[in-house]
Amino acid sequence: MPALSTRITTLNDDGSDGWEVFYRARQMVAEGHQVTELTIGEHDVRTDPAILDALYAAAKGGHTGYAMVPGVAALRDHVAARVQQATGVPTTRTNVMITPGGQSGLFSAHMAVCNPGDTALYIDPYYATYPGSLRAAGAVAHAIQTRSRDAFLPQRDALEAAAQGARSLLINSPNNPTGTVYPTETLEMIADVARQHDLWLISDEVYDTQVWEGSHISPRALPGMAERTLVIGSMSKSHAMTGSRIGWIVGPEEVVARLIDLATTTTYGVPGYIQDAALFALQQGPDFEAKIAAPFLRRRALALEVLSRQQVVRAIPPGGAMYLMLDVRASGLSGEGFANALLDTHQIAVMPGESFGTSAAGHIRVAMTVDDDRFVAALQTLCDFAKGLAHD
Ligand code: PMP
């Protein structure tokens, strides 16, 4: 066989391991074991039947041919209005491209702004696909470390040191895996560094409907930022539509025009009936989105209650998203060691912090994606397990 491209063979080169805990849990489930899976970011409810009815009606109605590559006009208009309302930045359909999910948006945004070999920055801990997406676009992916004691918020000195000569910076608030929501001061600092170093800012806002404290602030709304910010949106988390593969990029008109060229040569857009269903889902309004987010808000409160009764496991303050980042260093184990031992002894699967980069070593990420009773019981077991180890 002739050699494969370096681009494809180095996609997964970020050196993070720890995913074997996830695969091992899946294997145990396949073998018939009862495992409480608190691993990936997938709701414990399926897409709402009303959205599926809209999808079916659109397909039956004939929207099964090629759809417009940048997205159907009505959906682009709706997304533009939504983003304008949230940010105050004038936004029209020419600023919006519909994408097959946020993941495609992340890749496309970096394709649009990075030349091969350009440095693309991202914050560690990070959503697992980030470094690969940046490398897929030909960029050199460079992680900026953060610290548990800063709630994993990026600090100005680290950002400035990395920004020299870089092309872009990818941020994510509310954050996966840490559950932190970037405060205004952090976003203003980031915007300041981006302006000073002439960086593109790629803002992954796929958890923007899951904010438990304060409110979601998009950096696109900050002074001088609309011209250098590309916002990644998705309906996966906000509307429990992970499998429908639908999201968007919002940015300057000139960039969107180029992104349409990219989509024409790659995905050729998103199925029309999925876009019609997405428009229907968005038209259900904020109450519907609050209903989808409600279980995580509820479980977060339950978790804080369980955690408040002990001193061994420390939570990073969970401002948003469907995860808890827990510091388990007092157990004496690494995140990976803890996750493996918890799976073996109690059949509870969590993600080691090490799977999201080096900054979250000694931590675990808990997805709040099982029903309340099971979730509370699992968290209590986890805390007791950590306590037992700490006393050994
Ligand atoms: N960004 C973040 C931070 C995520 O957690 C995810 C999914 N887990 C995505 C992007 C991609 O989501 P999707 O492609 O389903 O929109």
Side-chain angles (χ1 to χ4, degrees), residues 14 16 19 22 37-44 46-47 51 71 75 79 96-111 120 122-134 136-137 141 143 146 152 154 168-182 201-211 216 218-219 230-250 263 266-267 270-271 274-275 277-278 281-282 289 292-293 296 318-325 351 353 355-357 359-360 365-369:
D14 47 286
S16 61
W19 278 87
F22 168 72
E37 289 186 274
L38 308 174
T39 49
I40 57 170
E42 176 110 60
H43 314 66
D44 47 328
R46 303 286 83 192
T47 304
I51 300 176
L75 180 60
V79 170
V96 179
M97 194 181 79
I98 304 301
T99 62
Q103 189 57 54
S104 161
L106 286 164
F107 167 71
S108 304
H110 285 89
M111 279 292 278
Y122 63 108
I123 313 291
D124 182 332
Y126 50 83
Y127 171 50
T129 68
Y130 276 7
S133 303
L134 276 44
T146 59
F152 297 112
S168 62
L169 168 64
L170 169 58
I171 61 168
N172 171 223
S173 174
N175 188 272
N176 176 14
T178 64
T180 48
V181 171
Y182 287 14
L201 184 63
I202 299 171
S203 180
D204 179 342
E205 303 181 19
V206 308
Y207 293 97
D208 63 353
T209 62
Q210 299 180 0
V211 176
H216 173 70
S218 172
L230 300 178
V231 174
I232 310 295
S234 170
M235 300 193 59
S236 288
K237 315 293 173 175
S238 57
H239 292 78
M241 291 178 72
T242 49
S244 290
R245 313 308 307 131
I246 181 139
W248 51 79
I249 301 177
V250 172
T266 53
T267 59
V270 175
I274 300 277
Q275 297 194 57
L282 288 171
E289 291 161 28
I292 300 294
F296 309 119
M322 45 172 80
Y323 313 101
L324 295 173
M325 182 61 95
M351 293 300 293
S355 349
F356 308 104
S359 295
R365 189 195 74 174
V366 175
M368 300 187 280
T369 48

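Each ligand, and each atom within it, is numbered from 1 in the order the structure gives. Scope of the values below: all heavy atoms of this structure, side chains included, with no hydrogens, waters or symmetry mates.
Taking every non-hydrogen atom of S236 and a distance limit under 4.0 Å, the qualifying atoms of ligand 1 come out as 13 (P), 15 (O), 16 (O). Residue S234 has at least one heavy-atom neighbour below 4.0 Å for each of these atoms of ligand 1: 13 (P), 16 (O). Residue N172 has at least one heavy-atom neighbour below 4.0 Å for each of these atoms of ligand 1: 3 (C). For ligand 1, the atoms closer than 4.0 angstrom to any heavy atom of G102 are 13 (P), 14 (O), 16 (O). Distances below 4.0 Å separate heavy atoms of Q103 from the following atoms of ligand 1: 11 (C), 13 (P), 14 (O). Numbered from 1 in the order shown, with element, the atoms of ligand 1 that lie under 4.0 Å from a heavy atom of R245 read 13 (P), 14 (O), 15 (O).
In this structure the side chain of Y126 never reaches within 4.5 angstrom of the side chain of N172, judged on heavy atoms.
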Carefully, step by step, assess I249 and I232 under the rule side chain to side chain contact (heavy atoms under 4.5 Å, CB included). CA-CA 5 Å; I249 301 177; I232 310 295; 4.2 Å; yes

Apply the test side chain to side chain contact (heavy atoms under 4.5 Å, CB included) to residues M368 and L324: give CA-CA distance (whole Å), side-chain angles for both, the deciding distance (0.1 Å), then the verdict. CA-CA 7 Å; M368 300 187 280; L324 295 173; 4.0 Å; yes

Does the side chain to side chain contact (heavy atoms under 4.5 Å, CB included) test come out yes or no for Q103 and R245, once each step is laid out? CA-CA 9 Å; Q103 189 57 54; R245 313 308 307 131; 4.0 Å; yes

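Judged purely by atom type and a 3.5 angstrom limit, T39 has no side-chain atom pairing as donor or acceptor with the backbone of F22.
With ring centers used as reference points, F296 lies under 6.0 Å from H43. Taking the six-membered ring for Trp and the full ring otherwise, the centers of Y207 and Y323 sit less than 6.0 Å from each other.
For atom 10 (C) of ligand 1, the nearest non-hydrogen atom of the protein is D204 OD2, 3.4 Å. The shortest contact between atom 9 (C) of ligand 1 and any protein heavy atom is with Y127 CE2, 3.6 Å.
Not a single N or O atom of Y130, backbone or side chain, sits closer than 3.5 Å to an N or O atom of ligand 1. The distance criterion of under 3.5 Å between nitrogen or oxygen atoms is met by K237 with respect to ligand 1.
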